[in-house]
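Read through the structure below, which is laid out as structure tokens, and then see the notes.
Below, chains carry the letters A, B, ... as their sequence lines are ordered, and counting in each starts from 1.
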2 protein chains.
Amino acid sequence: MPLKAAMTPRKRASQARSRATVEALVEATARILVREGFDAASTNRIAREAGVSIGSLYQYFPSKEALVVAVVERHNRELVTVVREALGEVADQPFEVAVRRLVAAAIAAHRVDPKLHRVLSEQTPRTGALENVEAFNSETYGLFQAFLDARRDQLRPLDLELAAFVCVTSIEALTHTAVLHRPEILSDAAAETLVDEATRLVVGYLAPAFM
Amino acid sequence: MPLKAAMTPRKRASQARSRATVEALVEATARILVREGFDAASTNRIAREAGVSIGSLYQYFPSKEALVVAVVERHNRELVTVVREALGEVADQPFEVAVRRLVAAAIAAHRVDPKLHRVLSEQTPRTGALENVEAFNSETYGLFQAFLDARRDQLRPLDLELAAFVCVTSIEALTHTAVLHRPEILSDAAAETLVDEATRLVVGYLAPAFM
DNA sequence: CCGCAATACGAGCTATCGCTCATATTATCC
DNA sequence: GGATAATATGAGCGATAGCTCGTATTGCGG
């Protein structure tokens with residue numbers, strides 16, 4: 001293996017034709033990750049799937065890693081969008097209703113492309129440029145902290161940053177694990193139950209009463 | 001790459017000499033994973049590190065995967081031991097005290113060999129034989145469920161299995177994330193605070209009062 | 001319609017990986 | 001001490017990976 005190349009592409013796509021090539025490559029990478037797994041996603045295989053030559057691939061992506069980064073970033077953008085929209089909707093809802101909605105959004109986010117999510121979290125080594133790309137984008141912590149801040153008069157005294165860490169990490173783990181490893185929890189009426197439980201977990205933690 | 005070999009070793013180690021070889025290989029694998037990462041852990045590199053020939057390696061481990069499985073299983077045994085011991089100690093403690101102790105145990109478990117834990121969770125693809133090897137052994141869910149069952153008269157009415165899922169998953173995620181990505185949370189007095197918060201999270205969720 | 005830049009192509013290079021196998025060394029038992 | 005089983009050795013094979021580079025094709029400005 002030659003020394004690992006840089007992360008910036010050799011060439012920027014400027015014409016429409018090349019922008020389509022770039023898009024096809026990212027798409028193909030995601031498809032292969034989902035259908036055949038990380039190990040099968042060789043650069044030659046990706047180029048073939050995209051209907052693009054290996055040479056063209058390296059015109060726009062300086063390494064295999066860069067391609068995977070592109071897929072991860074696109075996926076993360078989709079996830080954060082789901083959460084952000086939910087947060088927007090609940091701005092003036094009662095606290096518990098709002099939390100319920102956010103928990104449901106977390107589940108929905110994990111269902112955006114669960115097979116891709118699984119491959120990215122279970123098979124993709126967090127190495128090199130992928131090291132700092134978190135699965136559940138760290139932006140979510142900030143958004144949730146702002147949500148708490150807007151309602152801090154209804155909550156017990158809190159270190160908001162720590163509280164956001166506790167809530168987001170817990171909800172993320174519950175929904176992530178449920179979607180990826182406990183499908184039975186999310187079928188039919190059971191899904192409602194999980195939302196109940198997760199909501200209770202968070203509300204009980206943040207509520208002023210008790211203890 | 002040849003077709004992937006089986007998971008059972010060709011030969012069982014019977015003499016003391018060969019048992020030492022096996023041990024040296026597992027040790028070397030863990031050392032390389034920690035010091036150089038998953039990608040550097042080639043079978044040739046592991047054999048060299050162990051001071052053993054590549055041929056001998058394949059006498060006892062039929063594939064690279066088998067070596068990694070051995071490391072993972074040993075690590076998981078150590079983690080579960082820490083949790084099991086804590087559970088044994090708190091059998092007749094008041095509920096909240098017991099939960100505190102268990103949260104502390106979860107942190108301790110993640111500190112058994114944090115660098116190895118990080119490599120296993122971030123770089124090691126959960127593929128093939130590794131697919132079903134969970135980081136925080138699933139035995140823990142059962143142990144915690146029994147813990148809850150023994151105290152169910154002090155708790156609100158619960159689906160014990162679901163409650164164990166919620167608690168263990170949350171605590172695992174909090175301690176895992178804190179140890180691996182938030183070192184500042186675990187230094188000095190801050191660690192105490194995290195234990196407080198995690199305890200409150202779990203106790204608030206399980207307590208009969210409120211809501 | 002020409003000329004040059006942008007884009008596309010793919011044979012093939014180098015590196016390395018997982019793994020085999022023919023051979024050598026060491027231990028055990030009578 | 002000789003025979004046999006257990007253990008150890010490492011050169012090297014086949015496969016494939018990531019990636020380069022010389023060449024062909026396409027699109028755009030004039």
Side-chain angles (χ1 to χ4, degrees), chain A residues 1-25 28-29 32-33 36-69 123-125 127-130, chain B residues 1-25 28-29 32-33 36-70 124-125 127-130:
Chain A
M1 197 183 311
L3 282 179
K4 49 179 54 182
M7 281 299 297
T8 44
R10 290 90 206 276
K11 287 179 181 169
R12 279 243 166 279
S14 61
Q15 303 182 1
R17 184 166 51 132
S18 56
R19 260 178 277 116
T21 300
V22 168
E23 174 57 23
L25 285 167
T29 305
I32 299 199
L33 286 175
E36 307 178 32
F38 186 85
D39 285 343
S42 69
T43 52
N44 282 293
R45 179 77 187 79
I46 290 170
R48 178 156 48 91
E49 174 79 15
V52 156
S53 78
I54 181 67
S56 292
L57 185 154
Y58 279 96
Q59 297 255 344
Y60 303 106
F61 296 92
S63 65
K64 170 182 172 169
E65 197 177 32
L67 232 12
V68 177
V69 167
Q123 298 184 28
T124 306
T127 274
L130 269 325
Chain B
M1 196 183 308
L3 284 179
K4 48 179 52 179
M7 282 299 297
T8 43
R10 290 92 206 276
K11 286 182 182 168
R12 279 242 167 281
S14 60
Q15 302 181 1
R17 183 167 52 135
S18 57
R19 261 179 276 117
T21 300
V22 168
E23 174 58 23
L25 286 167
T29 304
I32 298 199
L33 286 175
E36 307 178 32
F38 185 85
D39 285 343
S42 69
T43 51
N44 282 292
R45 180 75 188 79
I46 290 169
R48 178 155 49 90
E49 175 78 16
V52 156
S53 77
I54 181 65
S56 293
L57 184 154
Y58 279 96
Q59 297 256 345
Y60 303 107
F61 296 92
S63 65
K64 171 183 171 169
E65 198 177 32
L67 271 169
V68 176
V69 167
T124 306
T127 273
L130 268 325

Angle by which the axis turns from one end of the helix from C:dC1-D:dG30 to C:dC30-D:dG1 to the other, five pairs per end, to 10 degrees: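 The helix from C:dC1-D:dG30 to C:dC30-D:dG1 shows an end-to-end axis angle of 10°.
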Is the phosphate of [N] approached by [X] (side-chain N or O, under 4.0 Å from OP1 or OP2)?
X	N	answer
A:Ser53	C:dG10	no
B:Thr21	D:dA8	yes
B:Tyr58	C:dT20	no

Could you check which of [options] has an atom nearest any side-chain atom of [X]?
X	options	value
A:Gln15	D:dC28, C:dA8, C:dA11	D:dC28
A:Ser56	C:dA11, C:dC9, D:dA8	C:dC9
B:Ile54	C:dC9, C:dA11, D:dG10	D:dG10
B:Lys64	C:dA8, C:dA11, C:dG18	C:dG18

Within residues 38-48 of chain A: residues closer than 4.0 Å to DNA chain C (heavy atoms):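 Output list: empty, so none.
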N-O pairing of B:Glu23 and B:Arg19 below 4.0 Å: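 Looking at B:Arg19 together with B:Glu23, the answer is no, because their closest N to O distance does not fall below 4.0 Å.
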Whole-Å gap separating P (D:dT7) and CD (B:Glu23):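 Answer to the nearest Å: 16 Å.
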Nucleotide D:dC19, atom P - distance to CG of A:Leu67 in whole Å: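 Spelled out: CG on A:Leu67 to P on D:dC19 is 10 Å.
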